Each structure stands twice: as C-alpha cells, then as structure tokens.
There are 2 protein chains.
Amino acid sequence: MVQAALRSGAASRRAVFEVFARRLPGARRYGVVAGTGRVLDALERFRFGEEELAFLRDNRVVDDPTLDFLASYRFSGRVYGYREGECYFPGSPIMTVEGTFAEAVLLETLILSIFNHDCAIATAASRMVHAAGERPLIEMGSRRTHEMAALSAARAAYLAGFAATSNLMAGRVYGLPTTGTAAHAFTLLHDSEEQAFEAQLAALGTGTTLLVDTYDVAQAVRTAVELAGPELGAVRLDSGDLTEAAHEVRAQLDALGAHRTRILVTSDLDEHAIAALAAAPVDGYGVGTSLVTGSGSPTAALVYKLVAREDASGVMRPVAKKSVGKPSRGGRKEAFRELDENGTAVAELVLTSGTAPDGARPLQAELVRDGEIVGRESLADARARHRRAFAELPAVAHQLSRGDVALPTVFD
Amino acid sequence: MVQAALRSGAASRRAVFEVFARRLPGARRYGVVAGTGRVLDALERFRFGEEELAFLRDNRVVDDPTLDFLASYRFSGRVYGYREGECYFPGSPIMTVEGTFAEAVLLETLILSIFNHDCAIATAASRMVHAAGERPLIEMGSRRTHEMAALSAARAAYLAGFAATSNLMAGRVYGLPTTGTAAHAFTLLHDSEEQAFEAQLAALGTGTTLLVDTYDVAQAVRTAVELAGPELGAVRLDSGDLTEAAHEVRAQLDALGAHRTRILVTSDLDEHAIAALAAAPVDGYGVGTSLVTGSGSPTAALVYKLVAREDASGVMRPVAKKSVGKPSRGGRKEAFRELDENGTAVAELVLTSGTAPDGARPLQAELVRDGEIVGRESLADARARHRRAFAELPAVAHQLSRGDVALPTVFD
C-alpha cells in the first residue's frame with residue numbers, strides 16, 4: 001500500500017485514522033481501555049533498522065523509493081486518545097492518529113496488536129475485580145499464554161484492579177507488586193508433606209501460604225497449623241468444590257485457633273466462579289487461564305479505519321466504506337461521556353460536528369504532538385482512573401451476564 | 001520454591017517433569033505439537049542477568065543463597081520430547097525435562113508459555129488447512145493478538161500447513177513466505193476506486209490482488225478488469241455472504257474473459273466457514289482473528305508436572321498428587337504410536353514400564369543432552385512431519401465437530 005501510494009503521490013495526503021470497536025466481544029457491558037502507554041512507547045521506538053531494510057530489499061518486498069521512505073521513517077503526526085483505564089463502548093474512538101497516509105497507515109498492526117490484546121485482558125480483569133468485591137486478586141496466568149503476552153497481561157490486570165502478579169518480569173519492568181506460590185511439585189519433591197511444609201516455613205516464615213490439596217486436605221491443614229502455629233499466613237486450595245472445601249477448611253482452621261489464617265483459592269477461576277464464591281469464606285483469588293485469555297474473548301475486535309483524508313485539492317474529506325455488515329462512519333470524531341445529575345453515565349456521545357451538552361466529560365486527550373510523546377502517565381494514575389470510570393457506570397455494567405452494553409453510543 | 005528447596009537440601013534431588021495435556025480444549029480430535037524449536041532457543045538463552053538479579057535483591061524477593069544459585073544458573077540436564085509437527089493426545093508426554101529439582105522447576109513458565117500458545121495456534125491451523133483442502137491459506141492475524149504472539153502464531157500456522165503470512169517480521173526471523181494485501185483505507189485514500197486500482201496496478205503490476213468490496217462489488221470487478229485486463233492476478237472479497245459473492249464474481253470475471261483471475265476471501269473465517277466454502281469458486285483464504293486466537297481455544301491446557309524424583313536415599317521414585325478432578329500419573333513415560341497393518345494410527349501408548357509392540361513408532365527424541373541442544377531441526381522438516389502425522393490419523397480426526405479424540409491413550 002505504501003509503495004503504491006508513494007508512486008501515485010497519495011502517500012503524502014493528510015489522513016485521519018481511528019481505533020474503535022464495532023461491538024464488544026462476549027456481549028460484555030463495557031470495555032476497558034488498556035495499552036495506551038505501551039502504544040506510546042512502541043511508537044517512539046518504531047523504526048526500520050538495517051536488518052529490516054535488508055530483508056525487505058533482498059526479498060524484493062518493496063521497491064527502492066519505499067525502502068528510502070522506510071529508512072527515514074519517524075512518525076511526525078498527532079495522536080489523541082482515551083486515557084488508559086477509561087471505559088469504552090461500540091464506536092468509541094479510543095485512539096485517533098493524524099499524519100500523512102503513509103506514516104499513519106504503517107502503524108495499524110502495531111497499534112491494533114497492543115490494544116486488541118491489552119483491552120481484552122483488562123476488560124476481563126475488570127469484571128473479575130468487580131466480582132471479587134473487596135477481596136484481592138492475584139494474576140497467575142503467565143504459563144497459559146505467549147511468554148511476552150504474559151508480561152502485558154499482568155500489566156493490564158493490575159491496571160484493572162488486580163492486587164499483584166506472579167510474573168516477576170512484570171514486577172521489574174512495570175513496578176507491579178509481585179507474589180509467589182508453591183506448586184504441588186514442591187510438596188511432591190519431599191518425602192512427606194510435613195517435610196515440605198517444614199522446608200517452606202523455614203525458608204519463608206510462618207506468614208507464607210501453604211498448598212494443602214496435594215494429598216488429603218484435612219490432614220494437610222492439621223499438619224500446617226501444627227508446624228506453623230496459628231500465625232500461619234494462608235492456605236491455598238487448588239481443586240475440588242472450592243465452596244465446600246473453603247467452608248470445611250475455615251471451620252477446621254477456626255477449631256485449631258488459626259482464626260487469622262487466610263484461605264486463598266485457585267483452579268480455573270473466571271469472573272463467574274469468583275462471583276459464585278462470594279458467600280464462601282475465601283480471602284483471595286488466584287486467576288490464571290481465564291484472565292490471560294480474556295475469559296472467552298481473547299481479542300477486543302478493535303479496528304483501525306481511515307475516516308478522513310485530503311482530496312486532490314487539499315481539502316479534508318470524510319470517507320467510509322459501504323461493505324455489507326461492516327459499516328463505518330466517516331469523519332473525525334470527538335467523544336464525551338454524558339452524565340446525569342447524580343454523576344451516573346447515561347450516554348457515550350461520538351460527534352463529528354455537533355457540540356456536547358454542558359457537563360459532558362471530554363474523553364480524548366492529546367498523546368503525541370508533532371511526533372513527540374506528550375501524553376505519558378503512570379500506571380497508578382491509569383489504575384485510579386479505571387476505578388473512577390467503572391464507578392460512574394450505571395448498575396447494568398455490574399452484570400456479568402451476556403447482554404446489551406451499559407451505555408448507548410449516540411452519534412450525530 | 002527454589003529458596004525453600006535450596007535450604008532444605010531437596011533442590012539438588014534429581015527430578016523428572018513432564019509436559020502433557022489432561023484434555024484437548026474445544027473437544028478437538030487431536031493436538032499439534034508446536035513450539036519445540038522456540039523452547040530450545042529460549043532454554044539456551046535462559047539466564048539471570050544483572051538487571052534481573054538486582055530486581056530480586058532490591059525487592060527482597062529471594063535470599064542471598066538463591067541469588068547465588070540464579071546468578072550461575074545454566075540448565076545442565078536432559079530434555080526429550082515429541083518432534084515439532086507431531087500430533088498429540090491427552091496424556092502424551094510431549095516434553096520430558098530431567099535435571100535437579102531446582103534447575104528443572106524454574107523452566108515451568110517458560111516451557112508452558114511457549115507450548116500453550118504455539119500448540120493452540122498450530123492445532124487450530126491444522127484444522128483450517130484440512131478444511132481448505134488444496135487451496136492455500138494466508139495467515140493475516142497479527143493485528144488481532146499481542147504483537148510478539150503474532151510472530152509465533154505465524155510460525156505455528158506455517159508449521160501446520162499455511163502457505164504464507166502477512167507478518168514481515170516472521171519472514172525475516174523464520175524465513176516464512178510472506179504476502180501482503182491492500183486494505184479499504186487504500187481505496188478510500190484515493191478520490192475514486194479507479195484511481196486507487198490504477199495506483200496499485202502501476203506499482204505492483206497486473207498480478208496483484210485488488211480489494212473489490214469497498215463500494216459496489218460488481219462495479220469494482222468491472223473497473224478492475226478494465227484497468228488490468230484478463231491478466232489480473234486476483235480479487236479479494238472481505239464482507240457479505242462470501243459463497244454468494246464468490247459465485248457472482250466468478251461468473252462476472254469469466255464473462256469478462258478473466259478466467260485465470262483468482263478469488264481470495266477473508267472476513268472472520270474459521271475452519272467451519274472455510275469448510276462451508278468448499279463448493280464455492282474460491283481460490284484461497286486469508287485467516288486472521290480465529291487463527292491467532294486458536295479458534296475458540298486460545299491455550300492448549302498443557303501442564304508441567306513432577307512425575308519422579310530422588311528420595312532421601314538417592315532412589316528415583318514416581319510421584320503424583322491426589323487432587324480431586326486433577327489426577328496425574330507418576331513415573332517417567334515412554335510414548336509410542338501404534339499403527340495397524342495399513343499404517344493408520346490406532347492408539348497412543350504411554351508406558352512407564354511395559355514394552356511397545358513391534359512396529360509401534362517411538363514418539364520421543366533427544367533434544368538436550370547435559371545442557372547442550374542436540375535436537376534442533378528446520379521448520380520445513382517440522383512442516384513435513386505434520387503432513388505425515390495428520391495423514392496417519394484415522395478419518396475421525398478429519399471431523400471439525402466437537403467430539404472424542406481420534407486416538408485412545410493407553411497407559412500401562
């Protein structure tokens with residue numbers, strides 16, 4: 001595309017691309033914007049180095065003028081977008097990229113890859129956080145997804161409200177709180193469960209979490225409290241009927257005087273399983289597979305579409321294709337969240353020319369100005385924003401069932 | 001775990017871990033081993049550098065003896081496994097890792113991340129390849145998954161029989177055939193569809209593929225053949241009822257004399273949609289979202305379990321936990337595929353002590369010997385192996401419906 005546009009001269013036309021979702025996969029009630037910070041970092045680094053150019057040249061993927069264009073590539077345009085942690089709905093323009101056609105079209109795969117992954121994970125994570133109420137959630141899914149996706153998944157989960165991750169690289173790279181766990185292998189390694197618990201307590205202290213379902217749960221809990229005393233930090237359950245097991249273990253711990261020993265549960269939990277455990281005496285959840293795979297919706301269905309571009313006479317024109325079943329709306333959009341007098345969101349306004357009512361909250365911020373990143377913020381800020389953005393949604397957003405989105409998107 | 005095991009002395013016990021799936025997600029008939037080559041590359045590079053050690057030290061994640069152990073970490077054990085492209089079934093030990101407990105337990109997340117991703121993608125890809133018959137498939141899903149997972153997905157798809165990828169990095173890194181496409185944005189960029197087609201044909205020649213569903217398909221096909229002549233390489237359809245559209249476009253192309261112009265289709269295709277297009281005049285498929293998300297099963301449910309370890313007296317002992325619903329079988333396994341007199345597979349034999357019948361094909365190869373990689377092979381070899389392994393399966397393996405696995409796994 002770039003080669004053909006360079007040749008026809010259209011490559012240098014000013015263009016506007018928007019990132020939005022036509023629908024929310026999984027019939028979710030809302031989406032969560034995540035990945036903006038990663039997009040900005042990636043955009044800043046996006047260059048074609050000697051290795052890349054040699055590959056394109058040697059394999060005749062593109063011609064010499066295109067190679068020259070790529071060799072000097074540096075995004076010089078503007079980017080606006082929803083802030084990370086914000087909620088979004090079908091049609092929300094979560095990112096707007098303005099530049100020449102050639103410089104902006106090249107970013108499609110980079111931008112969509114990051115958003116489609118990170119928004120899918122953050123959206124699933126937000127539902128789990130709501131289902132868990134005040135109880136903390138630990139992200140433990142690294143081994144269930146691609147090794148680099150795991151790092152981004154931990155970041156997205158934290159942004160949406162998870163308390164910690166078991167991914168140490170995410171601790172190092174993003175400063176996330178980390179926490180670990182002992183696996184069944186650790187118990188099986190030792191000649192008895194008692195020896196395994198002794199070894200763990202000796203190394204990590206009585207505040208540690210002992211895994212109690214390798215052999216017999218009741219026996220393991222007895223052994224654990226005998227060895228650690230009532231100061232034992234927590235026990236973990238990873239199999240069976242977790243509701244029933246949690247009640248039994250709680251009763252047993254209390255009978256042994258270990259009233260403050262917490263019960264952590266894991267084992268293929270998703271937001272529905274977490275919600276179902278609300279009445280069980282559980283103190284925290286570890287979530288793996290369903291978190292890193294977006295709990296049934298591993299990609300966010302976000303697209304990157306040309307919505308306006310310069311014509312031959314230099315005038316900006318809205319554009320949109322007419323494909324059956326995949327309509328799009330031309331023109332650069334401004335987005336606002338309309339709130340009622342109680343501060344509850346009532347509509348997502350996506351406007352090409354109209355003006356928003358007083359009090360409607362503007363959703364787009366400047367992120368890149370003439371190629372320079374100006375919209376960086378901390379993950380803590382994004383996390384706090386998500387808490388606020390979720391709290392602002394109407395009660396229907398809290399429903400985990402498949403259904404209509406929580407807010408109507410109003411176009412002008 | 002490592003810290004506690006170093007302290008108890010159990011860290012240096014010889015241990016055997018196995019990678020296997022308890023079930024095939026999505027009620028698939030078979031799984032495809034993919035990722036072995038990536039595991040070997042990652043294993044060779046797996047070290048704890050100064051940055052990683054500083055993070056662990058400064059945050060008091062582990063104690064000093066553990067930091068010393070990690071600083072000098074280098075896997076010195078042995079690895080055996082199924083060859084890439086081979087098929088697998090529940091219980092198949094697709095990788096066996098032998099070493100000290102500490103050196104082997106550290107590899108769990110690395111090994112599982114790679115296999116859980118790559119096997120999920122390759123398994124979905126293999127089903128699509130079978131559904132497509134002789135028609136080529138192009139992997140176009142990069143923008144629907146994490147940016148680094150995209151690279152591995154392209155590799156896994158090629159291994160399973162895809163013809164090419166749109167991911168140029170996969171071309172550079174893995175030597176995959178690459179091919180591109182023009183998006184609707186390219187047509188919308190120009191002041192008319194005719195100008196867009198002219199620009200593309202001028203830059204890429206008449207052998208290119210023109211996207212014909214931006215406005216009106218029949219008009220676009222007419223314009224395309226007028227401009228390119230009957231030598232036009234292909235047209236692409238990306239919306240609507242693809243069966244109906246393919247028949248209409250084929251008739252129109254033939255009427256215009258463009259008998260050799262091919263029809264490529266895209267638009268949320270999965271193996272079922274591909275199979276449904278078997279009778280339509282389609283010449284190739286581009287697959288995105290469903291390929292990179294494993295077509296409903298984005299992770300392969302593979303686990304990494306301790307199956308044997310040294311006891312206090314130095315004797316190797318099989319071990320297995322007793323958890324409800326998550327049984328595992330202790331002991332190091334040997335695996336064979338049993339074939340009938342016609343060469344059709346009839347069973348997966350997974351043996352801890354028994355001997356395999358004559359003619360049963362051994363499935364495990366030596367991959368790492370005393371820390372040195374000895375089992376590398378080319379992606380072309382893995383791709384050829386998958387073709388043979390799939391051809392060997394009974395006809396039930398060809399069924400796309402949910403159901404029983406194609407081969408029973410027989411344990412001794």
Side-chain angles (χ1 to χ4, degrees), chain A residues 1 3-5 7-8 10 13 52 55 61 101 105 108-110 112-114 116-117 142-150 152 168 171-172 178 182-186 188-191 199-200 202-204 213-215 238-240 289 293 298-299 306 309 311-312 319 321-326, chain B residues 1 3-5 7-8 10 13 15 52 55 61 101 105 108-110 112-114 116-117 142-150 152 168 171-172 182-186 188-191 199-200 202-204 213-215 238-240 289 293 298-299 306 309 311-312 319 321-326:
Chain A
M1 280 197 280
Q3 177 172 322
R7 190 166 167 134
S8 77
R13 287 186 175 190
E52 286 84 7
F55 168 77
V61 176
F101 175 79
V105 77
E108 171 169 354
T109 301
L110 184 74
L112 285 184
S113 290
I114 293 174
N116 270 324
H117 177 268
S142 291
R143 70 197 182 286
R144 304 295 184 211
T145 188
H146 186 275
E147 68 273 23
M148 295 309 296
S152 307
L168 289 169
R172 180 170 67 78
T178 61
H184 294 103
F186 183 79
L188 294 172
L189 167 68
H190 292 82
D191 294 334
Q200 187 175 335
L204 301 169
D213 72 340
T214 304
Y215 305 109
D238 182 49
S239 54
T289 307
T293 58
T299 186
L306 182 70
R309 49 78 185 158
D311 68 11
V319 294
K321 66 176 170 172
K322 311 266 186 252
S323 310
V324 182
K326 290 183 181 175
Chain B
M1 280 197 280
Q3 178 172 321
R7 191 167 168 134
S8 77
R13 287 187 175 189
E52 286 84 8
F55 168 77
V61 176
F101 174 79
V105 77
E108 170 170 353
T109 301
L110 184 73
L112 285 184
S113 290
I114 293 174
N116 271 323
H117 177 268
S142 291
R143 69 196 183 287
R144 304 296 184 211
T145 188
H146 186 275
E147 67 274 23
M148 295 310 296
S152 307
L168 289 168
R172 179 170 67 79
H184 294 102
F186 183 78
L188 294 172
L189 167 68
H190 292 83
D191 294 334
Q200 187 175 335
L204 301 170
D213 72 339
T214 304
Y215 304 110
D238 183 48
S239 54
T289 307
T293 58
T299 186
L306 182 69
R309 49 79 186 157
D311 68 12
V319 293
K321 65 175 171 172
K322 310 267 185 253
S323 309
V324 182
K326 290 182 179 175

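First the proteins, then the strands, lettered A, B, ... as listed; each starts at 1. Keep in mind it's a predicted model, so treat the numbers as computed, not measured.
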Does any heavy atom of chain A fall under 4.5 Å from the side chain of [X], the backbone, both, or neither of them?
X: B:Arg144; value: both
X: B:Ala10; value: both
X: B:Ala150; value: neither

For the candidates B:Pro298, B:Ala199, B:Ala149, which exhibits the highest count of non-hydrogen atom pairs separated by less than 4.5 Å from chain A?
B:Ala149
Does the side chain of [Y] come within less than 4.5 Å of [X]'s, by heavy atoms?
X: A:His184; Y: B:Leu306; answer: no
X: A:Arg172; Y: B:Val61; answer: no
X: B:Thr214; Y: A:Lys322; answer: no
X: A:Arg309; Y: B:Asp191; answer: yes
X: B:His146; Y: A:Ser113; answer: no

Run B:Thr299 and A:Thr145 through side chain to side chain contact (heavy atoms under 4.5 Å, CB included) and show every step you take.
CA-CA 7 Å; B:Thr299 186; A:Thr145 188; over 6 Å; no
Flag the one option from [options] with the top tally of heavy-atom pairs under 4.5 Å to chain B.
options: A:Ala202, A:Ala312, A:Ala5; result: A:Ala202
options: A:Ala203, A:Ser8, A:Ala183; result: A:Ala203
options: A:Val105, A:Thr293, A:Leu112; result: A:Leu112

Sidechain-backbone polar pair: A:Arg13 side chain, B:Leu189 backbone, donor-acceptor under 3.5 Å
yes
Quick check for you: to the nearest 0.5 Å, what is the distance between [X] atom [atom1] and [Y] atom [atom2]?
X: B:His117; Y: A:Met148; atom1: NE2; atom2: CE; value: 12.5 Å
X: B:Lys321; Y: A:Leu188; atom1: NZ; atom2: CG; value: 8.5 Å
X: A:Arg143; Y: B:Leu110; atom1: CZ; atom2: CG; value: 13.5 Å

Shortest non-hydrogen contact from A:Phe55 toward B:Leu168
CE2-O, 3.5 Å
Measure across B:Phe186 and A:Ala4 and return the closest heavy-atom pair with its distance rounded to 0.1 Å.
CZ-CB, 3.5 Å
Starting from the C-alpha separation in whole Å, work towards a yes-or-no answer on side chain to side chain contact (heavy atoms under 4.5 Å, CB included) for B:Glu147 and A:Ile114.
CA-CA 6 Å; B:Glu147 67 274 23; A:Ile114 293 174; 3.6 Å; yes
